[in-house]
Undergrad: 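Pasting a structure here, questions to come.
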Amino acid sequence: MADSGIGARALRKEDHRFLTGQGHYTDDINVHGQLYAYFLRSPHAHAAIRKVDTGAASKSTGVVAVFTGADVAADKIGGLICGWTVTDRHGKPHKAPPHPILAHEKVRYVGDHVAVVIADTLTNAKDAAEKIEVDYDVLPAVVDVAKAMDAKAPQLHADTPQNLCYDWLLGDPAQVDAALAKSHHVAKLDLVNNRLIPNAMEPRAAIGEYDGGTDSYTCHSTSQNPHVLRLILCAFILGIPEHRVRVIAPDVGGGFGSKIFCYAEEVVCLWAAKKVRRPVKWTAERSESFLSDAHGRDHVTHVELGMDKDGKFTAMKVETLAAMGAYLSTFATCVPTYLYATLLAGQYTTPIISANVKAVFTNTAPVDAYRGAGRPEATYVVERIVEVAAREMKMDPAEIRRRNFVKPDQFPYQTPVALQYDSGNYAKALDDAMKLADYAGFASRKAEAAKRGKHRGIGFSAYIEACGIAPSAVVGSLGAGVGLWESAQIRFNPTGTAQVLTGSHSHGQGHETTLAQVVGDMLGLPIENITVVHGDTSQVPFGMGTYGSRSLAVGGSAAAKAADKIIAKGKKIAAHLLEASVDDITYAKGTFRVAGTDKTKSIGEIAFAAYVPHNYPKDLEPGLDETAFYDPANFTYPAGVHICEVEIDPDTGVTKIVNWAAVDDFGKVVNPMVVEGQVHGGIAQGIGQGLLEGCVYDKETGQLLTGSFMDYCMPRADDLPSFKVGMIETPCPHNPLGVKGCGEAGAIAAPPALVNAVTDALGIRHMEMPLTSERVWRTIHKMAAE
Amino acid sequence: MPTASMTVNGKAVSGEVESRTLLVQFIRDKLGLTGTHVGCDTSQCGACVVHVNGKSVKSCTLLAVQAEGAKVTTIEGLANGGDLHPMQAAFRENHGLQCGFCTPGMVMSALDLVQQIPDPNEQQVREWLEGNICRCTGYQNIVKAIQAGAKAMRS
Ligand code: FES
Ligand code: FES
């Protein structure tokens with residue numbers, strides 16, 4: 001058992017199929033009789049549609065149908081929804097302008113869906129799309145979040161003056177101002193959190209099918225949460241009953257948040273499948289992904305942090321403008337509010353904090369959760385201003401952090417921004433990270449680099465994360481349209497193997513292995529005897545899917561609860577077979593025993609008896625199949641410290657990351673190999689944001705200038721170092737496994753560590769991400785000129 | 001319509017294609033070998049890497065008709081029955097994959113590297129992978145896997 005139970009570096013069960021080309025991603029699936037959809041997208045950032053002429057396209061070779069926004073409106077198909085209602089500072093709900101699945105009357109960003117061609121082949125569909133004539137009346141566009149509220153800015157939607165979606169407040173700014181006024185020193189900073197394009201390597205795809213015989217639908221989709229997608233498709237958009245829709249999210253090639261949302265294309269495929277009575281398949285080309293996947297971040301922030309003469313934080317004030325894009329994506333509204341402002345305490349005991357967030361519409365792709373979702377933005381604000389404060393106070397960056405940490409004996413710790421941290425040991429993570437990074441040796445490394453004409457710098461990031469957002473009653477009171485529990489079912493088979501059905505979804509995280517480890521550990525089964533089933537609404541009872549690093553903390557806890565039920569029932573069966581009282585039966589690692597005797601039954605024997613109940617308790621149902629729903633008592637709070645060391649070549653402006661040390665606290669770790677992999681990937685994405693990636697729209701025309709892998713710089717292998725990863729473990733006190741969640745940590749921690757290191761190396765106060773070689777080179781040369 | 005004929009994973013295949021059909025479309029759509037993936041439309045990502053006449057090639061940059069008469073190997077052609085190729089095994093043992101989407105291209109690319117440099121150091125592996133994007137792993141375990149795979153192949 002040791003090799004595959006909780007804590008083991010078990011090799012992944014899913015790998016064999018991926019390594020041999022036998023995965024089943026959505027585009028690998030072909031349905032008999034399928035047609036292909038191709039979307040005609042708006043070439044303009046903002047325009048009125050005067051007329052769409054589909055005549056020639058409809059007659060084009062192989063075309064079965066062409067649909068436009070007018071057809072959608074005629075069929076009374078609902079728009080895409082935003083599932084989280086944010087109440088603004090005046091007590092009013094946010095503005096929720098219509099978001100049609102095909103644009104009607106107006107387009108609002110480059111890539112907005114104007115029409116769909118459905119044809120026998122993809123090439124025929126594409127050829128026909130070129131024959132659609134759209135008469136646009138081009139309007140001025142605003143793409144810059146900082147300009148969206150300007151008096152001169154064009155208004156995207158009726159009833160949204162100044163393009164304002166909401167003006168939201170947490171805390172009392174007047175009180176914070178008063179505290180800042182009394183502070184010994186106030187550090188101030190303006191910063192931009194650059195817009196990112198998620199770019200999971202598998203482009204989004206969907207297949208819609210309609211069965212006239214049963215009046216039912218099947219939708220294959222690259223979704224992170226098939227049940228949520230089904231709920232939205234049925235209850236909100238298409239108005240079809242949930243029991244006649246099956247959503248399957250098969251193997252999914254990465255998501256990072258971008259595949260949480262319900263998108264126009266999958267709705268169109270399902271709707272059109274019924275209209276043309278044939279399956280309809282769509283797969284995004286990468287350029288379409290760039291244009292139409294929900295983007296991430298895009299904040300402009302002003303922050304002020306007060307402190308006393310010892311560098312103890314006294315108050316913090318944050319003002320943020322957050323882009324929503326042209327329309328509200330599924331969870332857009334909660335990202336810069338409940339997933340952002342509530343994290344602004346960081347790891348520190350800052351006594352009062354206020355945050356004002358104005359969310360605005362711009363003529364750009366919708367913005368929504370992307371790996372970290374709000375928490376990277378918060379951490380960037382906190383860890384940048386803390387760094388600035390340290391430098392202005394002439395304090396060591398480690399020392400100022402340590403001095404302000406929430407201490408281990410202060411948990412549970414109530415922050416001034418709503419959250420109650422459950423556990424942690426921040427100073428220990430800092431100590432370990434400093435050792436791992438050899439902080440003590442930094443000064444001599446810097447001096448040595450200087451001799452070679454290079455600038456060395458070091459940067460800290462002490463981040464806090466909130467994972468497994470819950471409990472449902474709390475998120476409901478904050479405006480969520482859903483509950484945030486998870487379900488699991490364990491089907492024990494008569495021959496002693498088991499299936500674990502989970503409502504979470506794996507798109508790289510390795511749940512088929514780690515959930516099997518959890519259940520196998522509890523039920524005494526090797527992971528080879530367990531299959532984890534996910535991603536099919538017709539198999540799994542229900543689920544809320546995977547995002548916010550929730551799958552193990554919430555989904556794993558549900559599986560543990562289901563295993564508890566299996567054991568409890570098993571005890572009754574064992575008591576009967578062993579002729580003992582239930583209270584005398586003990587259970588450990590797959591064996592039921594009459595306490596203090598050698599009378600035992602293995603769980604396999606119990607399962608067999610449950611399905612072949614010839615000798616069986618009279619009042620007990622046969623079968624060994626248990627379902628559990630788990631609604632957590634609180635978020636979990638992973639935290640850690642990352643230290644980045646860089647060396648900059650002033651001649652080229654190239655920043656080389658020479659050392660990266662990460663010490664994270666994820667609570668109990670089920671599979672260290674998988675967790676390290678998650679940390680590596682997260683750091684890489686965070687470094688991507690800090691160093692390389694930045695979504696750019698042309699300020700005049702609203703064209704996406706970074707619309708391909710040639711223009712948008714994804715981190716490559718030779719941009720990154722090997723990371724040193726360490727862990728500490730303070731178990732989560734409120735879930736049965738003691739786990740916290742690790743999926744987003746790296747992406748949250750990395751950007752400020754990197755920017756702190758580069759600004760340290762250059763001896764400057766601030767520089768906006770991404771810190772491309774060009775920006776760094778220009779900064780160095782500007783400094784030299786001054 | 002033109003025909004494309006080639007040997008794929010040791011089997012002679014041929015099929016009608018449009019002149020604009022890409023090799024990757026031929027492999028996926030005509031032959032049903034869906035282990036070769038498409039991750040971009042600008043030949044940057046490397047999800048589509050296969051071997052053509054023994055060399056790694058992005059199958060999205062080649063027309064099917066250009067591979068006329070060629071010997072093509074895809075990810076499906078590597079494992080010997082149930083046994084993983086040493087490079088595939090090294091990816092599994094070193095957790096060199098997460099979502100698995102980039103993986104076939106990574107493995108095919110890595111095999112060509114090992115043909116050229118049997119014992120690549122970390123920097124050589126990182127530079128070689130310039131044409132293969134992975135969004136999940138941060139590359140660290142891919143690099144480790146490739147070095148381990150190379151070692152296994154040497155012995
Ligand atoms: S699909 Fe060939 S390089 Fe991206
Ligand atoms: S494993 Fe997901 S892209 Fe590489």
Side-chain angles (χ1 to χ4, degrees), chain A residues 9 11-12 14-25 27-30 123 198-203 251-256 283 285-289 506-510 673-674 676-685 687 708-710 714-723 746, chain B residues 18 20-21 25 28-29 32-45 47 74-79 82 84-85 87-89 91-104 107 122-123 125-144:
Chain A
R9 302 180 78 90
L11 297 184
R12 299 202 319 171
E14 42 274 84
D15 286 354
H16 190 273
R17 69 174 186 275
F18 295 143
L19 279 163
T20 51
Q22 297 180 94
H24 286 289
Y25 302 89
D27 189 56
D28 301 341
I29 294 163
N30 293 299
T123 42
N199 278 318
M201 290 318 295
E202 179 207 21
D251 288 329
V252 172
F256 315 110
T283 302
E285 294 179 359
R286 180 56 60 182
S287 344
E288 294 185 275
S289 311
S506 183
H507 27 279
Q509 297 88 338
M673 176 191 83
V674 167
E676 285 159 14
Q678 289 295 310
V679 174
H680 296 165
I683 298 172
Q685 268 170 307
I687 291 175
S708 80
F709 287 144
M710 292 190 289
M714 297 279 280
R716 308 298 207 277
D718 63 350
D719 295 315
L720 302 171
S722 281
F723 311 113
Chain B
E18 286 188 70
R20 60 183 165 180
T21 302
Q25 293 168 327
R28 287 180 57 82
D29 302 343
L33 295 172
T34 55
T36 302
H37 297 151
V38 178
C40 74
D41 44 12
T42 53
S43 288
Q44 308 278 305
C45 77
T74 70
I75 190 74
E76 289 91 343
L78 290 188
L84 294 178
H85 182 283
M87 186 59 80
Q88 290 170 312
F91 267 70
R92 176 156 192 262
E93 277 148 26
N94 292 282
H95 191 31
L97 64 154
Q98 291 184 20
C99 78
F101 197 78
C102 72
T103 310
V107 170
E122 174 173 349
Q123 196 50 32
V125 177
R126 288 187 181 274
E127 278 166 21
W128 178 267
L129 292 181
E130 189 183 47
N132 291 80
I133 305 178
C134 173
R135 193 54 148 169
C136 297
T137 62
Y139 302 100
Q140 185 159 334
N141 288 343
I142 293 179
V143 173
K144 230 169 95 189

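Quick note on labels: first sequence line is chain A, next is B, and so on, each numbered from 1.
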Undergrad: Do you know which of B/Asp29, B/Leu97, B/Thr42 has the most heavy-atom pairs with chain A at a distance under 4.5 angstrom?
TA: B/Leu97
Undergrad: With a 4.5 angstrom heavy-atom cut-off, is it the side chain or the backbone of A/Asp27 that approaches chain B, or both, or neither?
TA: both
Undergrad: Mind ranking A/Gly254, A/Ala684, A/Gly681 by heavy-atom pairs under 4.5 Å with chain B and telling me who comes out on top?
TA: A/Gly681
Undergrad: Is there side-chain contact between A/Ile687 and A/Leu720, with at least one heavy-atom pair below 4.5 Å?
TA: yes
Undergrad: Report yes if the side chains of A/Val252 and A/Glu202 come closer than 4.5 Å at any heavy-atom pair, otherwise no.
TA: yes
Undergrad: Just to verify, which of A/Arg17, A/His24, A/Gln22 counts as forming a side chain to side chain donor-acceptor pair (under 3.5 Å) with A/Asp251?
TA: A/Arg17
Undergrad: For A/Phe723, is there any backbone N or O sitting under 3.5 Å from a side-chain donor or acceptor partner on B/Gln140?
TA: yes
Undergrad: Using heavy-atom distances under 4.5 Å, tell me whether B/Tyr139 contacts chain A through its side chain, its backbone, both, or neither.
TA: side chain
Undergrad: Do A/Pro203 and B/Phe101 have side chains that get closer than 4.5 Å, going by heavy atoms?
TA: yes
Undergrad: Is there a donor-acceptor contact under 3.5 Å from the side chain of A/Arg286 to the main chain of B/Gly39?
TA: yes
Undergrad: Give, as side chain, backbone, both or neither, the part of B/Leu78 having an atom under 4.5 angstrom from any heavy atom of chain A.
TA: neither
Undergrad: Output the distance between atom CG (B/Asn94) and atom CZ (B/Arg92), rounded to the nearest 0.5 Å.
TA: 11.5 Å
Undergrad: Out of B/Glu122, B/Glu93, B/Gln98, B/His37, return the one with the most heavy atom pairs under 4.5 angstrom to chain A.
TA: B/Gln98
Undergrad: Do you know which of A/Met201, A/Glu285, A/His507 has the most heavy-atom pairs under 4.5 Å to chain B?
TA: A/Met201
Undergrad: What part of B/Ala79 gets within 4.5 angstrom of chain A, counting heavy atoms only: side chain, backbone, both, or neither?
TA: side chain
Undergrad: Between A/Gly255, A/Ala200, A/Pro715, A/Ser506, which has the largest tally of heavy atom pairs under 4.5 Å with chain B?
TA: A/Pro715
Undergrad: Hey, which of A/Ser708, A/Ser722, A/Ser287 has the most heavy atom pairs under 4.5 Å with chain B?
TA: A/Ser722
Undergrad: In Å and rounded to the nearest 0.5 Å, what is the SG to CZ distance from B/Cys99 to A/Phe18?
TA: 7.5 Å
Undergrad: Need one label for B/Arg28: side chain, backbone, both or neither, based on atoms under 4.5 Å from any heavy atom in chain A.
TA: side chain
Undergrad: Compare all side-chain heavy atoms of B/His95 with those of B/Thr137 and state whether any distance is below 4.5 angstrom.
TA: no
Undergrad: Chain A: which of B/Glu127, B/Arg20, B/Met87 shares the most heavy-atom pairs with it under 4.5 Å?
TA: B/Arg20
Undergrad: Based on non-hydrogen pairs under 4.5 Å, which of B/Thr103, B/Asp41, B/Asn132, B/Asn141 is most in contact with chain A?
TA: B/Asp41
Undergrad: Give the member of A/Ala717, A/Gly677, A/Gly21 that has the highest number of heavy-atom pairs under 4.5 Å with chain B.
TA: A/Ala717
Undergrad: Can you tell me how far OG1 of A/Thr283 sits from CD of A/Glu288, rounded to the nearest 0.5 angstrom?
TA: 9.5 Å
Undergrad: Contact part of B/Val125 toward chain A, heavy-atom cut-off under 4.5 Å: side chain, backbone, both or neither?
TA: neither
Undergrad: Just wondering, do A/Phe709 and A/Asn199 contact through their side chains at under 4.5 Å, heavy atoms?
TA: yes
Undergrad: Heavy-atom cut-off 4.5 Å, strictly under: side chain, backbone, both or neither for A/Gln509 against chain B?
TA: neither
Undergrad: With respect to chain B, which residue among A/Met710, A/Arg12, A/Met673 yields the maximal number of heavy-atom pairs within a distance under 4.5 Å?
TA: A/Arg12
